[in-house]
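Counting starts at 1 for both ligands and their atoms, in listed order.
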Amino acid sequence: MNVEKTMIGLEKKHPGEQEYLQAVREVLESIEEVYSDNPHFESAGIIERLVEPDRVLTFKIPWADDDGAVMVNLGYRIQFNNAIGPYKGGLRFHPSVNLSILKFLGFEQIFKNSLTTLPMGGAKGGSDFNPKGKSDAEIMRFCQAFMLELWKLIGPETDVPAGDIGVGGREIGFLFGMYRKLARENTGVLTGKGRGWGGSLIRPEATGFGNVYFAKEMLKTKGESFEGKTVCVSGFGNVAWGATKKVSQLGGKVVTLSGPDGYIYDPDGISGEKIDYMLELRASNNDVVQPYALEFGVEFHKGKRPWNVPCDIALPCATQNELDGNDAEALIKNGCICVSEGANMPSTPEAVEVFHRSKILYGPGKAANAGGVSVSGLEMTQNSMKLNWTREEVDNKLHQIMQEIHEQCVTHGSSEDGFVDYVKGANIAGFLKVANAMVDQGVI
Ligand code: NDP
Ligand code: 2IT
């Protein structure tokens with residue numbers, strides 16, 4: 001495989017799909033050597049078949065707002081690859097959603113899901129619908145209109161969506177209700193469901209908890225832990241909340257949160273009631289983090305990102321490309337020893353290069369944030385068995401899965417001097433399982 005040649009071909013076919021091309025390039029560069037060492041991958045056309053989704057489904061979502069005005073949004077489901085299990089991946093509702101963003105997320109999801117050790121293929125979907133400022137009734141009507149199209153494409157053994165930015169427990173409830181009515185079945189077709197109707201304990205916390213468990217494993221390789229460490233977190237959503245909660249349980253101190261409006265700096269640390277307040281803030285359908293600063297009398301830095309604040313550990317938990325080369329340099333200069341990504345692809349390629357050059361511990365999203373989809377997989381298992389596991393059982397399984405993901409990264413990403421390139425390790429381990437399954441199953 002020639003990475004440059006493949007990328008030029010893809011750029012021609014998909015001009016302007018920047019996020020998708022960025023995600024593909026990173027994977028291809030990591031697996032180039034393994035691919036050359038295994039000529040049967042080349043002869044089975046694995047790369048050509050892997051970089052294009054199995055199918056891209058788009059649909060129109062007409063709905064009426066509270067005043068009766070008709071709105072039209074676009075809906076998508078990208079079914080990327082189902083070689084190792086049913087298509088699986090979240091739904092994102094955000095005005096920035098487009099084909100490139102969902103294709104990047106779907107592509108990443110293939111390798112992430114492969115790393116989890118559970119049988120799940122890769123998919124992603126969503127809409128350019130903006131939930132900000134919408135009433136509950138509007139959110140419900142939109143979710144119902146969205147599912148009116150989506151239900152034909154999904155099923156508990158076919159494609160199992162879940163949440164992502166803008167889609168949490170409330171939206172999954174409305175989506176599930178509509179699916180149940182249309183399909184006339186009550187199955188585990190979505191994950192992230194409510195506890196009383198098929199949901200798993202720990203799913204809301206899973207991505208953040210898993211991210212911190214992964215960072216804990218990375219720190220352990222250097223004889224370090226979270227105890228007494230200062231931690232910068234970005235975002236203030238579901239993932240940031242879970243991560244903050246776990247860091248505080250492990251004796252670390254989270255001093256920042258961020259939103260599209262800027263970041264807050266809380267030198268005393270975000271713990272206890274402040275963590276509960278994060279949930280209120282997120283549920284308020286607001287897109288600003290500033291109210292935290294007013295509520296607890298701390299600094300708010302308008303329009304800025306938190307990466308200039310001195311910390312030992314950084315957990316980017318907001319969105320893609322939110323940490324660039326300059327931010328990475330600032331983190332290193334201030335003594336940061338570990339970056340563990342809660343969001344998908346939050347670091348730009350330039351930032352990743354800085355982390356690798358500085359040889360700090362750097363865990364890419366597809367490994368470090370796999371805890372969310374892992375517990376989604378555990379929710380599917382419980383639904384199939386028609387049983388519920390306890391909080392402790394799910395948390396232990398999550399912990400174990402994150403340790404196994406870390407182990408796979410070390411196996412495939414270690415160099416002779418002991419440095420672990422977690423990007424390379426995650427990409428190779430995730431790729432091998434899917435590629436071998438595709439070879440075994442023939443050209444289809
Ligand atoms: P939420 O919708 O709960 O929260 C996302 C948060 O990030 C919101 O507060 C959002 O604000 C904020 N945000 C968005 N853009 C920016 C920005 N440019 N700067 C700062 N903050 C911003 O989503 P999640 O917490 O679920 O998702 C966060 C990240 O984690 C995403 O990258 C997602 O793909 C990833 N992820 C999520 C998983 C899950 O299970 N939920 C699993 C694995 C990864 P606003 O919406 O107002 O713009
Ligand atoms: O990016 C992700 O892994 C998610 N948004 C969770 C997907 C899932 O199916 O739980």
Side-chain angles (χ1 to χ4, degrees), residues 19 85-97 101-102 104-113 115-116 118 120-126 130-133 159-172 188 190-193 200 202-211 233-244 256-264 278-279 281-289 292 303-307 315-323 341-347 365-380:
E19 294 85 359
Y87 299 109
K88 179 85 194 88
L91 297 171
R92 176 176 291 194
F93 291 171
H94 198 272
S96 64
V97 160
I101 288 181
L102 294 183
F104 120 65
L105 289 163
F107 183 71
E108 290 282 287
Q109 202 80 43
I110 304 172
F111 308 97
K112 185 195 302 193
N113 292 4
L115 287 168
T116 65
L118 304 171
M120 298 183 288
K124 204 81 188 190
N130 185 0
K132 297 291 135 53
D159 182 353
V160 183
D164 192 79
I165 291 182
V167 178
R170 175 184 54 174
E171 290 74 19
I172 293 292
L190 294 163
T191 58
K193 299 186 290 297
S200 175
I202 304 281
R203 178 63 187 88
E205 295 92 334
T207 312
F209 276 21
N211 183 28
V233 170
S234 65
F236 66 102
N238 174 265
V239 178
W241 165 71
T244 302
T256 64
L257 296 175
S258 74
D261 56 329
Y263 77 89
I264 62 95
M278 284 177 75
L279 280 185
L281 202 55
R282 193 73 200 111
S284 66
N285 271 6
N286 239 321
D287 65 351
V288 285
V289 76
Y292 181 103
K304 297 243 166 65
R305 302 193 283 212
W307 312 124
L315 305 177
C317 295
T319 193
Q320 65 273 356
N321 293 327
E322 55 155 322
L323 195 164
E341 295 183 341
N344 285 305
M345 209 169 73
S347 308
K366 66 168 74 69
N369 72 34
V373 75
S374 298
V375 175
S376 277
L378 299 177
E379 182 172 328
M380 289 163 74

A.B. asks: Considering Gly235, Pro260, Ala318 one by one, which has a heavy atom nearer to atom 28 (C) of ligand 1 than any of the others?
C.D. replies: Ala318

A.B. asks: What residue and heavy atom of the protein are closest to atom 23 (O) of ligand 1, and at what distance?
C.D. replies: Ile165 CA, 3.4 Å

A.B. asks: Please write down residue, atom name and distance for the protein heavy atom closest to atom 7 (C) of ligand 2.
C.D. replies: Gly90 N, 3.5 Å

A.B. asks: Would the distance check show the side chain of Trp241 and the main-chain N or O of Gly208 forming a donor-acceptor pair, the cut-off being under 3.5 Å?
C.D. replies: no

A.B. asks: Is there a polar contact between ligand 1 and Arg92, counting only N or O atoms under 3.5 Å apart?
C.D. replies: yes

A.B. asks: What protein heavy atom sits nearest atom 10 (C) of ligand 1, and how far away is it?
C.D. replies: Arg282 NH2, 4.4 Å

A.B. asks: Measure the spacing between CD1 of Ile110 and NZ of Lys88 and express it to the nearest 0.5 Å.
C.D. replies: 14.5 Å

A.B. asks: Does any N or O in the side chain of Asn113 come within less than 3.5 Å of the main-chain N or O of Gly121, such that one atom is a donor and the other an acceptor?
C.D. replies: yes

A.B. asks: Would you please determine whether Ala370 falls within less than 4.0 Å of ligand 2 on a heavy-atom basis?
C.D. replies: no

A.B. asks: Could you tell me the residue and atom name of the protein heavy atom closest to atom 6 (C) of ligand 2, and the distance to it rounded to 0.1 Å?
C.D. replies: Arg203 NH2, 3.6 Å

A.B. asks: Looking only at heavy atoms, what is the nearest atom pair of Cys317 and Glu322, with distance?
C.D. replies: N-OE2, 3.6 Å

A.B. asks: Could you list which atoms of ligand 1 come closer than 4.0 Å to a heavy atom of Ala343?
C.D. replies: 29 (C), 30 (O), 32 (O), 35 (C)

A.B. asks: Can you tell me the protein heavy atom closest to atom 45 (P) of ligand 1 and the distance?
C.D. replies: Lys132 NZ, 3.2 Å

A.B. asks: Report the residue from Leu102, Val97, Val167, Ile165 that forms a side chain to side chain contact (heavy atoms under 4.5 Å, CB included) with Leu91.
C.D. replies: Val167

A.B. asks: I need the atoms of ligand 1 closer than 4.0 Å to a non-hydrogen atom of Ser258, numbered in the order shown.
C.D. replies: 20 (C), 21 (N)

A.B. asks: Closest non-hydrogen protein atom to atom 9 (O) of ligand 2, residue and atom name please, with distance?
C.D. replies: Lys88 NZ, 2.7 Å

A.B. asks: Which pair of heavy atoms, one from Ala240 and one from Ser234, lies closest together, and at what distance?
C.D. replies: CB-O, 3.8 Å

A.B. asks: Counting each atom of ligand 2 from 1 as listed, which ones have a heavy atom of Lys124 under 4.0 Å away?
C.D. replies: 1 (O), 2 (C), 4 (C), 5 (N)

A.B. asks: Do you know which two heavy atoms are closest between Val289 and Gly259, and how far apart they sit?
C.D. replies: CG1-N, 3.6 Å

A.B. asks: For ligand 1, which part of Arg203 has a heavy atom less than 4.0 Å away: the side chain, the backbone, both, or neither?
C.D. replies: side chain

A.B. asks: What protein heavy atom is closest to atom 4 (O) of ligand 1, reported as residue, atom name and distance in Å?
C.D. replies: Gly237 CA, 3.2 Å

A.B. asks: Out of Leu281, Asn238, Val373, indicate the one that has the non-hydrogen atom closest to atom 3 (O) of ligand 1.
C.D. replies: Asn238

A.B. asks: Do Lys193 and Glu379 sit within salt-bridge range, that is, some charged N less than 4.0 Å from a carboxylate O?
C.D. replies: yes

A.B. asks: Applying a 4.0 Å heavy-atom criterion (strictly less than), which segment of Val375 is in contact with ligand 2: side chain, backbone, both, or neither?
C.D. replies: neither

A.B. asks: Given Gly259, Gly208, Pro204, which one has a non-hydrogen atom that is nearest to atom 20 (C) of ligand 1?
C.D. replies: Gly259

A.B. asks: With heavy atoms of Cys317 as the reference, note each atom of ligand 1 found under 4.0 Å away.
C.D. replies: 28 (C), 29 (C)

A.B. asks: From the options Asn130, Val239, Thr319, Thr207, select the one whose nearest heavy atom is closest to atom 17 (C) of ligand 1.
C.D. replies: Thr319

A.B. asks: For the 3.5 Å polar cut-off, considering only N or O atoms, please tell me whether Gly163 and ligand 2 meet it.
C.D. replies: yes

A.B. asks: Counting only nitrogen or oxygen atoms and a 3.5 angstrom limit, does Leu105 reach ligand 1?
C.D. replies: no

A.B. asks: For ligand 1, note which part of His94 has a heavy atom under 4.0 Å away: side chain, backbone, both or neither.
C.D. replies: side chain

A.B. asks: Quick one, Leu323 with Glu341, criterion side-chain contact (heavy atoms from CB on, under 4.5 Å). Give me CA distance, side-chain angles, the key distance, then yes/no.
C.D. replies: CA-CA 10 Å; Leu323 195 164; Glu341 295 183 341; over 6 Å; no

A.B. asks: Can you measure from CG (Asn344) to NZ (Lys112) and round to the nearest 0.5 angstrom?
C.D. replies: 3.5 Å

A.B. asks: Just go through Gly90, Gly342, Gly372, Ala370 and tell me whose heavy atom is the nearest to atom 44 (C) of ligand 1.
C.D. replies: Gly342

A.B. asks: Compare every heavy atom of Thr116 with every heavy atom of Val373, then report the nearest pair and how far apart it is.
C.D. replies: CG1-CG2, 3.8 Å

A.B. asks: Considering non-hydrogen atoms only, spot the tightest contact between Gly242 and Phe209 and give its length.
C.D. replies: O-CD1, 3.4 Å

A.B. asks: Among all the protein's non-hydrogen atoms, which is closest to atom 10 (O) of ligand 2, and how far away is it?
C.D. replies: Ser376 OG, 2.5 Å

A.B. asks: So, applying side chain to side chain donor-acceptor pair (under 3.5 Å) with Asp164, which one of Gln109, His94, Lys124 is it?
C.D. replies: Lys124

A.B. asks: One residue to check: Gln320. Relative to ligand 1, which of side chain, backbone, both or neither has a non-hydrogen atom less than 4.0 Å away?
C.D. replies: neither

A.B. asks: Tell me whether Asn344 has any N or O atom under 3.5 angstrom from an N or O of ligand 1.
C.D. replies: yes

A.B. asks: Counting heavy atoms only, which of Val167, Asp164, Asp287, Leu257 comes nearest to atom 34 (O) of ligand 1?
C.D. replies: Asp164

A.B. asks: If you take the nearest heavy atom of each of Lys112, Met120, Glu108, which one is closest to atom 1 (O) of ligand 2?
C.D. replies: Lys112

A.B. asks: Return the minimal non-hydrogen interatomic distance between Ala162 and Thr191, and the atom names on each side.
C.D. replies: CB-OG1, 3.2 Å

A.B. asks: Taking only heavy atoms of Gly166, which atoms of ligand 1 are found under 4.0 Å from at least one of them?
C.D. replies: 2 (O)

